[in-house]
Protein chains: 2
Amino acid sequence: MMKYKRKIYLQDTPRQEALNELLHHFTSERITETIRSTEALGRVTAHPVFAKMSNPHYHASAMDGIAVKAEETFSAHEQNPVQLKLGEGFVYVNTGNEIPSPYNAVIMIEYVDEIDEETVEIIEPASPWQHIRPIGEDIIQEEMLFPQGHKIRPVDIGVLLASQVIEVPVVKKPVVSIIPTGDELVFPNGETPPGKLVEFNGSVMVNYIREWGGEPALSAIVKDRPEEIREKLLDAVEASDIVIINAGSSAGSEDYTVHIIEELGEVFTHGVATRPGKPVILGRIKDKIVIGLPGYPVSAYLDLEWFVQPLICDYLQIPVPKRETLTVKLGRRIVGTMGAEDFIRMSIGYVNGEYIANPLPRAAGVTMSLVKADGMLLIPAHSLGYEQGESVEIELLKPRSEIKQAIVFNGSHDLSIDLLSSRLKEQDYSTKIISSHVGSMAGLMAIKKGEAHIAGTHLLDPETNTYNVPYIKRFLAGQEVVLYPFLKRKQGWLVPKGNPLGIETVKDIIEKEAHFVNRQKGAGTRILFDMLLKEAGLSSEEIAGYQREMFSHLSVAAEVKVDEKAVGLGIYSAAKTMELDFIPVSDESYELLMTKEFFESVQGQKLIEVIQSDCFRQDVLAIGGYEVMDHPEPVYFS
Amino acid sequence: MMKYKRKIYLQDTPRQEALNELLHHFTSERITETIRSTEALGRVTAHPVFAKMSNPHYHASAMDGIAVKAEETFSAHEQNPVQLKLGEGFVYVNTGNEIPSPYNAVIMIEYVDEIDEETVEIIEPASPWQHIRPIGEDIIQEEMLFPQGHKIRPVDIGVLLASQVIEVPVVKKPVVSIIPTGDELVFPNGETPPGKLVEFNGSVMVNYIREWGGEPALSAIVKDRPEEIREKLLDAVEASDIVIINAGSSAGSEDYTVHIIEELGEVFTHGVATRPGKPVILGRIKDKIVIGLPGYPVSAYLDLEWFVQPLICDYLQIPVPKRETLTVKLGRRIVGTMGAEDFIRMSIGYVNGEYIANPLPRAAGVTMSLVKADGMLLIPAHSLGYEQGESVEIELLKPRSEIKQAIVFNGSHDLSIDLLSSRLKEQDYSTKIISSHVGSMAGLMAIKKGEAHIAGTHLLDPETNTYNVPYIKRFLAGQEVVLYPFLKRKQGWLVPKGNPLGIETVKDIIEKEAHFVNRQKGAGTRILFDMLLKEAGLSSEEIAGYQREMFSHLSVAAEVKVDEKAVGLGIYSAAKTMELDFIPVSDESYELLMTKEFFESVQGQKLIEVIQSDCFRQDVLAIGGYEVMDHPEPVYFS
């Protein structure tokens, strides 16, 4: 099955240039449809819209009171009350009532003295037209309410109806067909066997397109067979304004897409100068735009935004929405690709009065990085990147207020942190814990650099056999921090169900030729394992798998789960969650290091309150392997 | 029909206090429903959501190439190529394929030399696990994907599906019933007779509630009869989480609402310390929140946002979204109400590098002011307001980029400006003309104060019988502005069809006892009328209606339309649009005054291009009564 043309090299066309050419070729006919104004939310006007009736469309009372002839009241004052007769000198009116001729002013009911059923007395004159809403006070018949290209909001529906515009001409939503291709894909229903992948890019695209105002049409999955792809493409261009095919846009043996589009139509661009998102195909078949999106999710969604959203907006005659931006300080150096734009997903924390941003994983396959991203940093094609501490402007993917409110948790991860986050959010919907699992040492460094409010840490000092304190004294000397003794938890061997190799000690790992699943340098668990090695007088070189690093207890457990010969070191809760066996090795202190400022803040104290609450303690105890410290004494350092 | 209890005086409860009490009483049971993840866009998670499968859920190739055993490649280099046999030393893999055991590294196809069908040669070693996406690279089974209270975005649907979360628990949308009441209301269908008003508040509320994540239920219109209102309220509280009744919340003779809620349940608040929005009722019936909203649209929508949105967010466990803010300079003094918060709808222009904001009409019945508003200024209860030139922070109702791009048009209005705006927008979707109709003199002042880019002006100087130039020299001395001769147009008498009074001259107005519909001071048309009066040797005191002022040609025409004895002075296009008769009086120059900076900008030159385009000229000529100047010479002043 090895194929001709495997070694295609993609272009590096500048993104804006590729987009301009694409827009130039986009000639899909813009269709207008007339819909009820009550159903028009979010739709876009196709033509200017003019009022068909004034609002109010008669002279209306603006108050509850009486309508009078102003000139008959001019002489009224406290010493000279004027009496008026019902039906001759006045009529009662409520707010919104028509002012009958010849009345031309309204007096508020509060200023009216009712003498009898027929007679009222007033002691102040009314000026002509007072408390009357004249015809057209709000909307004048024939005035332009909206130009074309206006996206209709709730209040706009009000003025449409108020001015008798019961139906409104809007631009039909452009139809965007999405064709998922790939022998390995299955739609999300039930089990997914190894070698098969759930098709989810299509569902994500459907929802982006919907948000942008298009009409998505997700087709069945097409196998990696050129004749099937060809047929499907020809069908889709008939029924759509834009066609997306995903994936097959790179240069693999089954990446037929570019050849088929070339054969049936024309390819303008194959490859843009961006990372991720490079392997995109922009072309057309029969005057319809066809876009081949890459298979990696992050690449696919970015290309979708860069190339499909502008087409939809162009069709609707609206500008492409711009995201809010924020100036942030970079927590570390970020390197760019010379000659291509780099788009870096960033997490942002508001710590010590500053917005600090750090890059999330850059791999195009890590969808979670896009889920977690607070913002997107663009490194231009001509730049090599930015230095640590530099101020840069980034596009926000989440509201600024949400970013500002978030508690940034860093360091060693523990499953209880998720439970804590959830309980805290119950108390205050606007607070959440944003956690990144980088290991205890990296957590300490994040506190040192002002990038986090809290770090989870369980660093055992082999010299003193104590946790955390020696490390804080060594690495955070002079900084005002607080160590909160949070949990005691069990560390042990994570082994497949039944412990097939019979692992009990670190020596067993070598003797039974187990595959060890290790943690990254600086992780508390790694330090513990190295200590166990040292105590046993063994060398890391004897441990198969020692070089490969996992970044969390759950990743270790996930690896152990699929390999009968595997063993890892980790916490009880990970073993339980992944249904592994657990051989206890030691008890350890998992503690929370916080900036003093955060610890003493309202948010910090609320966090402590939740930690000490009955419901949280029960959550943690229910997992097993934990002991929550009861109102422990926080330790201050400075 | 005069009623007991007409003189109810409303409370002035602080808004936040009223809201806190309301939230305290909101006890509607939060219900969870499980829906397909593919349908979950915009829904809110009811519980934390955990991954059911890792992604990838097997070790997957990250590249197209060959899978090898890394240790068998260690000796490869240019002088010592290593040959591998298919099925023994390597297998072909495409991106996403499973790496079969015992292979543990991938070499990209570009670095593979294919010797024959069975054999490949490599010249570089592979390191273990290179180009392999390990299990869980993206998502690890059992990790928390989202906490409760997370609003699902398109990319979130991707990680749900990728981790085999096919169904997701979300909070049921809270049901918000809306009961429109009022004898004068009719649903928007066909004609609306005088004294009747189109019910549109309900449709606006439906759409706000939908946007905020609630499930609106708009009921039939209920007549102003206590027994009907009572019955409807009791039905609604059974079927809803929140009930809105609109209107009847103030103190009119038919405002039964507060009495009925008190009778059936409890009223917490009747009247809040805000302008607009004061007459709101907050209460409950049978443990369900009942809110009586005022009838005036602007009051109703603000109260809806202040009191109903927080309830919906509370139900969904999400924070109330915050709007972006912008610091602007005030174009004029704005006065507040002592003891109450004032919410002022503002228009914002970006002129000469500064954001300048001016208040829009404050009347609670002017829905268009909310449609047009770029932002909302809050004057706190303890403040008397702000001075002209002061910098204040305002909440944005439109995107900042849209505000920054807009061309601010001020001064005298002409119907051709709408056509111009529409043609300009055709060329560039992101540019639009925001116009306010304030009259020629006010337009000149707006240019002088840096509040507008363009002003429409037709100021006749009686001394010299010339237009605009004498005024510019007098009032804008020393400022760099450009006058662009735009149109010649006809001014004349606007009279009802058939000219029943036979108006020909200004003298006829007095002699035939016509009702004159006047324009505001500073309007070019007002100056023209005053000149006509003076020429005829007549006094304004002899003109019935002279004191009352209209702010546009269309408002004058709308008044004339409903009064057989009316006459106004205005342009031909207004008469034509409103189907009135037109008796020509004079030809005048309607010109565009611009800041020099704007005139010479790219936007300014594009505007001139559109003015001179064939399609725009044809638009204007099609109305009649106009002559578009052909490539006129702009006049510079400084």
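Reckoned from all heavy atoms, side chains included, excluding hydrogens, waters and symmetry mates. As the structure is a computational prediction, the values presented were derived from the model and not from experiment. Throughout, a chain's letter reflects where its sequence line sits, starting with A, and its residues are numbered from 1.
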Check: Would you find a donor on one side and an acceptor on the other, under 3.5 Å apart, between the side chain of A/Lys425 and the backbone of B/Gln148?
Finding: yes
Check: Would you say the side-chain atoms of B/Glu324 pair up with the backbone N or O of A/Glu324, donor to acceptor, closer than 3.5 Å?
Finding: no
Next item on the list: Find out whether A/Arg153 and B/Lys398 are in side-chain contact, i.e. whether some heavy atom of one side chain is under 4.5 Å from a heavy atom of the other.
Entry: yes
Notebook entry, point to check: Heavy atoms, side chains only, cut-off 4.5 Å: are A/Ser422 and B/Pro147 in contact?
Noted result: no
Next item on the list: Name the region of A/Thr192, side chain, backbone, both or neither, that has any atom closer than 4.5 Å to a heavy atom of chain B.
Entry: both
Notebook entry, point to check: Do any N or O atoms from the side chain of A/His57 and from the backbone of B/Leu197 form a donor-acceptor pair under 3.5 angstrom?
Noted result: no
Check: Which bit of B/Asn97 is near chain A, if near means a heavy-atom gap under 4.5 Å: side chain, backbone, both or neither?
Finding: neither
Notebook entry, point to check: Relative to chain B, which of A/Asn201, A/Ile135, A/Ile139, A/Asn55 shows the most heavy atom pairs under 4.5 Å?
Noted result: A/Ile135
Next item on the list: Give a yes or no on whether the backbone of B/Cys313 and the side-chain of A/Tyr429 come within a donor-acceptor separation of less than 3.5 Å.
Entry: no
Notebook entry, point to check: At a heavy-atom separation under 4.5 Å, does B/Pro297 approach chain A through its side chain, its backbone, both, or neither?
Noted result: neither
Item checked: A/Asn207 side chain to B/Leu41 backbone, donor-acceptor under 3.5 Å -> no
Checklist line | Whether A/Tyr296 side chain and B/Ala62 backbone form a donor-acceptor pair below 3.5 Å | finding: yes
Next item on the list: Select one option (side chain, backbone, both, neither) describing which atoms of B/Leu145 are under 4.5 Å from chain A's heavy atoms.
Entry: both
Note to self: Is A/Leu554 in contact with chain B via its backbone, its side chain, both, or neither, using a 4.5 Å heavy-atom distance?
What the structure shows: both
Check: Would you say B/Pro188 and A/Gln164 make side-chain contact, with heavy atoms under 4.5 Å?
Finding: no
Item checked: Which residues share a side-chain contact (heavy atoms from CB on, under 4.5 Å) with A/Pro134, sequence neighbours left out -> A/His59, A/Glu137, B/Arg548, B/Glu559
Note to self: If we define contacts as heavy-atom pairs under 4.5 Å, which of A/Glu98, A/Met550, A/Met368 has the most with chain B?
What the structure shows: A/Met368
Notebook entry, point to check: Does any non-hydrogen side-chain atom of A/Phe200 lie less than 4.5 Å from one of B/Ile157?
Noted result: no
Checklist line | Interface moiety of B/Lys561 toward chain A, non-hydrogen atoms closer than 4.5 Å | finding: neither
Check: Is it the backbone or the side chain of A/Leu160 that comes under 4.5 Å from a heavy atom of chain B, or both, or neither?
Finding: neither
